[in-house]
A.B. asks: 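A single structure is presented below for examination.
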Amino acid sequence: MEQARKIAAKISISYIIIGAIWIIFSDQLSHKLAEGDFEAYIFFQQYKGWFFVLITGIVLYGLVYNRARDLFQTQNKLVNKEYELQASNEHYQSLFKHNPDAVFEISKEGAIRAVNPEGEQIMGYSCAEIGQGGMSKWVVPEDVERVKFYFSEALKGKPSKFEFQVLNREEERRILRSSLLPIIVHNEISGVFMIGRDITNFRRDEERMIESEKMSVIGQMAAAVAHEIRNPLTSLKGFVQLIQVTKEVNHDHLDIMMSEINRINLISSEMLILGKKQHVSFQKEEINELLKQVVVLMIAEANLHDISIELEHSDEKMYVLCDANQLKQVFINIIKNSVEAMSQHGKIQLSITKKDGNVIVTCKDDGVGMSKERIKQIGTPFYSTKEAGTGLGLAVCYKIIERHQGSIVFESEVEKGTTVTVTLKEAHLSS
């Protein structure tokens with residue numbers, strides 16, 4: 001309205017100015033004509049009103065034309081902007097609706113404002129049904145706090161990637177690999193986009209592969225473990241036979257027998273734990289103790305090849321957040337590869353250090369080593385330098401360490417041995 005008043009005022013003032021100029025000009029011209037040419041004076045007086053109308057009409061036409069042209073140009077720009085805005089909106093709506101990943105639009109308060117068709121399919125609910133509760137309503141209880149943490153980080157403008165589980169209509173757990181992105185409008189965060197991919201089936205296949213490789217390793221270790229157990233059994237049998245002959249009990253012999261029994265029990269217990277199918281659960285584990293348990297299992301196979309395993313553990317307790325069974329599987333595979341890469345009288349050195357908030361486990365052997373070309377292929381499924389190898393062992397190791405948000409690095413020289421470095425994030429006991 002203010003703009004309209006300005007335009008009307010401009011035209012009115014222009015009209016008044018033109019009228020005032022015309023009156024002054026016409027009066028002066030009339031006096032001159034009356035003094036010199038009376039007929040011209042009569043003609044001018046008769047038609048000066050028409051002259052005024054013609055002049056003001058031309059001027060007003062110019063003013064109105066310029067203003068109308070500006071208005072139409074502005075209108076055309078608005079129409080074009082509206083068309084571009086509509087096209088852009090349809091573009092993003094297409095990205096939202098036809099996205100193969102689930103997309104959730106979440107308000108700052110945690111309310112779900114919109115869900116795309118893929119999200120509805122994963123959850124088994126309509127957008128309206130999902131919107132009846134916050135995101136925490138559909139998240140499994142053990143993941144709620146973690147989701148809230150990443151959500152609060154996104155509201156601070158920090159995008160994040162993580163995995164969590166949701167419950168669908170059938171009360172089935174689905175694993176979502178998700179990204180949280182802040183929605184920024186006019187330089188202010190108005191909510192959060194969550195983009196999630198259902199990796200439940202992929203994760204199940206991955207678990208089957210890990211389980212299959214684990215059972216393969218256990219099968220290969222069985223012969224060595226049987227040999228390792230046979231030695232203390234032989235000692236026990238000898239002492240029992242001695243007691244039967246002498247009819248006397250020697251307490252020193254009893255201590256040795258108890259020690260051998262404990263060793264058999266330790267080896268068999270570790271084998272049972274490793275072979276048992278367990279739910280993947282991340283818990284704080286002391287890395288020194290975990291590696292000691294691995295060495296107990298692998299010392300049997302190492303002894304068969306006359307190879308020694310030295311564990312340089314730290315006096316300081318160091319904890320990592322992990323699935324102990326899967327992490328043992330990684331270190332067993334690494335040590336097993338070292339054993340197979342060495343001839344008789346070899347040595348494997350294990351060390352544990354801490355640096356920059358990470359726990360670093362190093363396995364060094366003096367085996368045949370590998371070329372740079374072979375190192376590049378390590379971790380590729382079905383690539384193996386062993387005649388009967390499947391190539392899945394190290395592929396599984398890489399997958400497990402990746403799941404633990406760590407890294408595994410191989411360094412090797414031909415005929416000089418190989419060093420494997422596994423880096424894991426340290427978990428403080430109080431956290």
A.B. asks: Once rounded to the nearest 0.5 Å, what's the spacing between atom CD1 of I335 and atom CD1 of I307?
C.D. replies: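 One gets 11.5 Å once the value is rounded to the nearest 0.5 Å.
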
A.B. asks: May I ask you to check whether over 12 heavy atoms, not counting those of E172, lie within 6.0 Å of atom CD?
C.D. replies: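 Check passes, neighbour count above 12.
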
A.B. asks: Run I360 and T421 through side-chain contact (heavy atoms from CB on, under 4.5 Å) and show every step you take.
C.D. replies: CA-CA 7 Å; I360 301 169; T421 305; 3.5 Å; yes

A.B. asks: Tell me which one of K148, K158, K161 satisfies salt bridge (charged side-chain N to carboxylate O under 4.0 Å, His left out) with E153.
C.D. replies: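 Only match with E153 under salt bridge (charged side-chain N to carboxylate O under 4.0 Å, His left out): K158.
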
A.B. asks: Check for a donor-acceptor pair, side chain of E286 on one end and backbone N or O of M318 on the other, with a separation under 3.5 Å.
C.D. replies: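 Checked: pair present.
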
A.B. asks: When you check the gap from the basic side-chain N to the acidic O, do E289 and K284 get nearer than 4.0 Å?
C.D. replies: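 Looking at K284 together with E289, the answer is no, because their closest N to O distance does not fall below 4.0 Å.
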
A.B. asks: Do you know the tightest heavy-atom contact between N99 and E118?
C.D. replies: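 Heavy atoms only, the tightest pair is O-CB, 3.7 Å.
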
A.B. asks: Which pair of heavy atoms, one from I106 and one from M194, lies closest together, and at what distance?
C.D. replies: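 Distance-wise, the nearest heavy atoms are CD1-CB, 4.2 Å.
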
A.B. asks: Can you name the closest pair of heavy atoms from M123 and V166 and give their distance?
C.D. replies: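 Result for this residue pair: SD-CG2, 3.8 Å.
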
A.B. asks: So I175 and R204, do their side chains get closer than 4.5 Å, heavy atoms only?
C.D. replies: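 No - every pair of side-chain heavy atoms lies 4.5 Å or more apart.
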
A.B. asks: Got a second to check how far I183's CD1 is from F193's CZ, nearest 0.5 Å?
C.D. replies: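 The distance works out to 4.0 Å.
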
A.B. asks: So which atom in M298 and which in I332 form the shortest heavy-atom distance, rounded to 0.1 Å?
C.D. replies: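 Smallest heavy-atom distance, with atoms named: SD-CG2, 3.7 Å.
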
A.B. asks: What are the two closest non-hydrogen atoms of G157 and P182, and how far apart are they?
C.D. replies: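 Smallest heavy-atom distance, with atoms named: CA-CG, 4.0 Å.
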
A.B. asks: Quick one: are C363 and F331 in side-chain contact, heavy atoms under 4.5 Å?
C.D. replies: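 No, every pair of side-chain atoms sits at 4.5 Å or beyond.
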
A.B. asks: For G196, does its backbone N or O pair with a side-chain atom of S178 as donor and acceptor, under 3.5 Å?
C.D. replies: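 Checked: no pair found.
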
A.B. asks: Dump the intermediate steps for side-chain contact (heavy atoms from CB on, under 4.5 Å) on T418 and N337, then the final yes or no.
C.D. replies: CA-CA 10 Å; T418 301; N337 282 342; over 6 Å; no

A.B. asks: Before you tell me yes or no, could you show the steps for L290 and V320 under side-chain contact (heavy atoms from CB on, under 4.5 Å), namely the whole-Å CA-CA distance, both residues' side-chain angles and the distance that decides it to 0.1 Å?
C.D. replies: CA-CA 10 Å; L290 190 144; V320 294; 5.9 Å; no

A.B. asks: Please examine the side chains of L176 and I122, heavy atoms only from C-beta on, and report whether any two atoms are closer than 4.5 Å.
C.D. replies: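 With C-beta onward as the side chain, the pair touches.
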
A.B. asks: For a 4.5 angstrom cut-off between non-hydrogen side-chain atoms, does L350 reach I309?
C.D. replies: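 When only atoms from C-beta onward are counted, I309 and L350 do touch, with a gap below 4.5 Å.
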
A.B. asks: Side chain of D365, backbone of G417: donor and acceptor closer than 3.5 Å?
C.D. replies: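 Checked: no pair found.
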
A.B. asks: How many angstroms lie between CD in E316 and OG1 in T353, if you round to the nearest 0.5 Å?
C.D. replies: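 Going from the CD atom of E316 to the OG1 atom of T353 covers 10.5 Å.
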
A.B. asks: Counting only heavy atoms not in R197 (residues, nucleotides, ligands), do more than 12 fall under 6.0 Å from its CZ?
C.D. replies: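 Counting other residues, nucleotides and ligands, CZ of R197 stays at 12 neighbours or fewer.
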
A.B. asks: Aromatic ring centroids of F149 and F151 under 6.0 Å?
C.D. replies: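 Centroid separation for F149 and F151: 6.0 Å or greater.
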
A.B. asks: Roughly how far, to the nearest 0.5 Å, is the CG atom of L321 from the CD atom of Q405?
C.D. replies: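 These two atoms lie 9.0 Å from each other.
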
A.B. asks: Taking atom CD of E411 as the centre, does the number of heavy atoms from other residues, nucleotides or ligands within less than 6.0 Å exceed 12?
C.D. replies: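 Counting other residues, nucleotides and ligands, CD of E411 stays at 12 neighbours or fewer.
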
A.B. asks: Is the shortest side-chain heavy-atom distance between H404 and K425 below 4.5 Å?
C.D. replies: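 A side-chain contact under 4.5 Å is absent here.
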
A.B. asks: Out of curiosity, E312 CD to K364 NZ, how far, rounded to the nearest 0.5 Å?
C.D. replies: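 These two atoms lie 10.0 Å from each other.
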
A.B. asks: Looking only at heavy atoms, what is the nearest atom pair of N116 and D101, with distance?
C.D. replies: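 Residues N116 and D101, closest heavy atoms: ND2-O, 2.9 Å.
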
A.B. asks: Any side-chain heavy-atom pair from I348 and V339 closer than 4.5 angstrom?
C.D. replies: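 Yes, at least one pair of side-chain atoms sits under 4.5 Å.
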
A.B. asks: May I ask you to decide if N358's main-chain N or O and D356's side chain share a donor-acceptor pair within less than 3.5 Å?
C.D. replies: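 Between the backbone of N358 and the side chain of D356 there is no qualifying donor-acceptor contact (under 3.5 Å).
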
A.B. asks: Between V192 and L155, is the side-chain contact (heavy atoms from CB on, under 4.5 Å) condition met? List the steps.
C.D. replies: CA-CA 7 Å; V192 172; L155 290 178; 3.7 Å; yes

A.B. asks: Can you label the angle between the W138 ring and the Y125 ring as parallel, tilted or perpendicular, going by 30° and 60°?
C.D. replies: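 Geometry flag for Y125 against W138: tilted rings.
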
A.B. asks: Taking everything shown except E188 itself, do over 12 heavy atoms lie less than 6.0 Å from its CD?
C.D. replies: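 No.
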
A.B. asks: Could you measure the distance from the OG atom of S407 to the CG atom of L424? Nearest 0.5 Å is fine.
C.D. replies: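 Between S407 OG and L424 CG, I get 8.0 Å after rounding to 0.5 Å.
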
A.B. asks: Can you confirm whether E285 sits close enough to Q283 that some side-chain heavy atom of one is under 4.5 Å from a side-chain heavy atom of the other?
C.D. replies: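 E285 reaches Q283 side chain to side chain.
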
A.B. asks: When you check the gap from the basic side-chain N to the acidic O, do E129 and R169 get nearer than 4.0 Å?
C.D. replies: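 Yes, this pair counts.
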
A.B. asks: Side-chain contact, heavy-atom cut-off 4.5 Å: F162 with R146?
C.D. replies: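 Contact flag for F162/R146 side chains = yes.
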
